[in-house]
Every structure is written in structure tokens, then in C-alpha cells.
Amino acid sequence: MAAALRRHLTAKARAGIRVIPKDRPRESNPVAPALSESSLLITGDPAVYESKTLDELRAAIGDCRRCKLWSGRTHLVFGVGNPSARVMFVGEGPGRDEDLQGVPFVGRAGQLLTDIITKGMGLKREDVYIANVVKCRPPENRNPEPDEVESCEPFLKKQVDLVRPKIIVALGKFAVQCLLQSKQPITRLRGQWHEYQGIKLMPTFHPAYLLRNPGDKKLVWEDIKKVIEALKSA
Ligand code: URA
């Protein structure tokens with residue numbers, strides 16, 4: 001019973017679902033394996049963490065209004081690509097083009113990402129999986145706010161769980177710091193292997209940054225070469 005409950009709680013935690021004892025304040029939020037099912041209050045959406053496929057997850061997210069970003073969106077940008085991809089790219093959040101089309105990385109920065117995937121890695125866009133930390137466009141492309149990330153990151157966690165890529169490439173300061181729960185500068189984090197949900201993660205610069213700073217493309221190429229090398233033995 002204790003082992004089953006531990007597995008149950010771990011699955012929820014991986015999906016970003018908070019499970020707290022009914023009689024304890026939210027701040028103390030131990031995932032305590034000794035608790036019985038009846039003493040638990042589950043916060044979050046069971047349909048999200050119980051999803052078995054990306055399509056089920058997308059359906060569970062539905063016409064999301066879990067944070068304030070819903071009011072400004074044209075489309076919720078869920079993610080695209082191979083559901084069994086070996087490489088997953090994670091950006092910050094949709095921009096204008098992505099919001100209009102409902103597809104991640106389709107604007108100018110997206111074209112550069114596509115070049116990295118196709119010309120740099122010799123893959124097709126359809127071979128990889130591409131998603132963002134938040135699924136709805138922040139107004140004026142501002143950084144997502146903490147409550148927006150808190151509402152949305154469980155979906156990304158579940159996407160990672162379902163795709164189970166060999167490698168995640170985190171694009172740009174925001175996504176990198178958010179996934180790694182780090183305040184260190186991207187210049188320090190990039191180019192080194194890290195881990196997210198037990199999966200190797202390579203931080204690199206965001207393609208939009210590269211459009212403004214093309215001189216740093218060589219650094220991204222160094223990072224991508226490490227990814228290509230690691231994929232050979234993954
Ligand atoms: N920038 C991102 O971080 N994600 C997109 O989908 C597009 C631009």
C-alpha cells in the first residue's frame with residue numbers, strides 16, 4: 001500500500017500536481033508516502049496527470065483559463081512534432097506568429113531554429129518535439145510571470161513525461177532558468193549538461209537572441225555538436 005501510494009504521489013509530482021494533506025497548510029507540502037489516500041487533498045487536474053498520450057493531454061488542457069494569459073491569446077500553442085522524439089526543444093512561450101498559427105517557433109526565430117534542426121543536426125522538424133514553458137502568448141512578448149509558469153509548467157512536465165526524449169535542448173535564459181530552477185546567467189549554464197526530470201538537458205541561447213547577436217551562433221553550434229554527439233550513444 002505504501003509503495004503504491006508512493007508511486008501514485010511520484011507520478012503526480014512529476015506531472016506538477018501538488019498533493020497535500022487535508023489538515024496541513026499549503027506551505028508545508030511534503031510528498032509524504034506514509035499518508036493514506038483518504039487524508040489527501042489533490043490540487044490540479046487529474047485528467048492532466050492521467051493523460052496517456054499527447055492528444056489526451058491536449059484534450060485535458062482544453063480551452064484553458066487557468067491563468068490570465070488566456071484572455072489575450074488567439075491560439076493555445078501546445079507543441080508539435082514526433083511524440084517519440086529523441087530530442088525535445090523547449091522555448092519560453094509563443095510570440096505573435098505562433099499565437100496566430102497555433103504552432104511553436106514559426107516566426108523569424110522559428111526559422112532559425114528550423115535551420116539548426118535541419119541544416120545543423122540533419123534532422124527534420126517532424127523528427128523532434130518542440131514546446132514552450134507557457135502555452136499562451138504573454139502580452140507584448142513580456143516574460144511569463146511566476147503564476148503563469150506555475151499554472152502552465154505541469155503541462156510541459158507531462159509532455160516531457162509522455163515523449164521521454166533522450167535529450168532536451170532548452171532555448172534561452174527564461175526557459176533554461178525556469179527548467180533548472182536556477183538564477184545563474186545563461187552564459188554560465190549553456191554548453192554544460194544538466195538534468196530535467198531525469199533527462200539530459202543542454203541549455204543554449206534562444207534563436208531570437210541569435211538574430212540580434214549573430215556572432216554567438218558559433219557558441220550555439222558548439223552546444224548543438226555536444227547534443228549530436230550525445231545522441232549517438234543515447
Ligand atoms: N519564442 C519562443 O520561446 N517560443 C516560440 O514558440 C516562439 C518564439
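Computed from a predicted structure; not experimentally measured. What's counted below: heavy atoms across the whole structure, side chains too, no hydrogens, waters or symmetry copies. Counting starts at 1 for both ligands and their atoms, in listed order.
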(message) When you compare ligand 1 with G91, is there at least one nitrogen or oxygen pair between them that comes in under 3.5 angstrom?
(response)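 No, there is no polar N/O contact under 3.5 Å.
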(request) Consider every N or O of H206 and every N or O of ligand 1, then say whether any pair is closer than 3.5 Å. (result)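 Looking only at distances, the answer is yes, because the N/O contact criterion of under 3.5 Å is met.
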(request) Give a yes or no on whether the backbone of S51 and the side-chain of K158 come within a donor-acceptor separation of less than 3.5 Å. (result)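 Indeed, once roles are kept as given, a pair shorter than 3.5 Å links the two residues.
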(request) Would you confirm whether K226, through its side chain, and G191, through its main-chain N or O, come within 3.5 Å as a donor-acceptor pair? (result)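 Flag set: sc K226 to bb G191 pair under 3.5 Å.
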(message) Can you tell whether the side chains of D63 and R73 come within less than 4.0 Å, N to carboxylate O?
(response) yes
(request) Locate the shortest heavy-atom distance separating R96 from N141; write the atom from each residue and the value. (result)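 R96 and N141 have their closest heavy atoms at N-OD1, 4.2 Å.
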(message) Ignoring hydrogens, what is the shortest heavy-atom contact between L179 and L201? Give both atom names and the distance.
(response) CD1-CD1, 3.8 Å
(request) Quick one: look at E92 and ligand 1, take heavy-atom pairs under 4.0 Å, and tell me if it's side chain, backbone, both or neither. (result)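 Answer for E92: both.
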(message) If we set the cut-off at 4.0 Å for heavy atoms, which region of A109 has an atom near ligand 1: side chain, backbone, both, or neither?
(response)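 Near ligand 1, A109 shows nothing, with every heavy atom at 4.0 Å or more.
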(message) Test salt bridge (charged side-chain N to carboxylate O under 4.0 Å, His left out) on K232 and E229; report intermediate values, then the result.
(response) CA-CA 5 Å; K232 287 182 190 162; E229 204 47 45; 3.1 Å; yes
(message) Using a 4.0 Å cut-off to any heavy atom of P104, which atoms of ligand 1 qualify?
(response) 6 (O)
(request) If you have a sec, work out which protein heavy atom is nearest atom 4 (N) of ligand 1 and how many Å separate them, to one decimal? (result)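 The protein heavy atom lying closest is N132 OD1, 2.8 Å.
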(request) Consider ligand 1: state whether an atom of it lies below 4.0 angstrom from any non-hydrogen atom of G93. (result)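 Within the 4.0 Å threshold, so yes.
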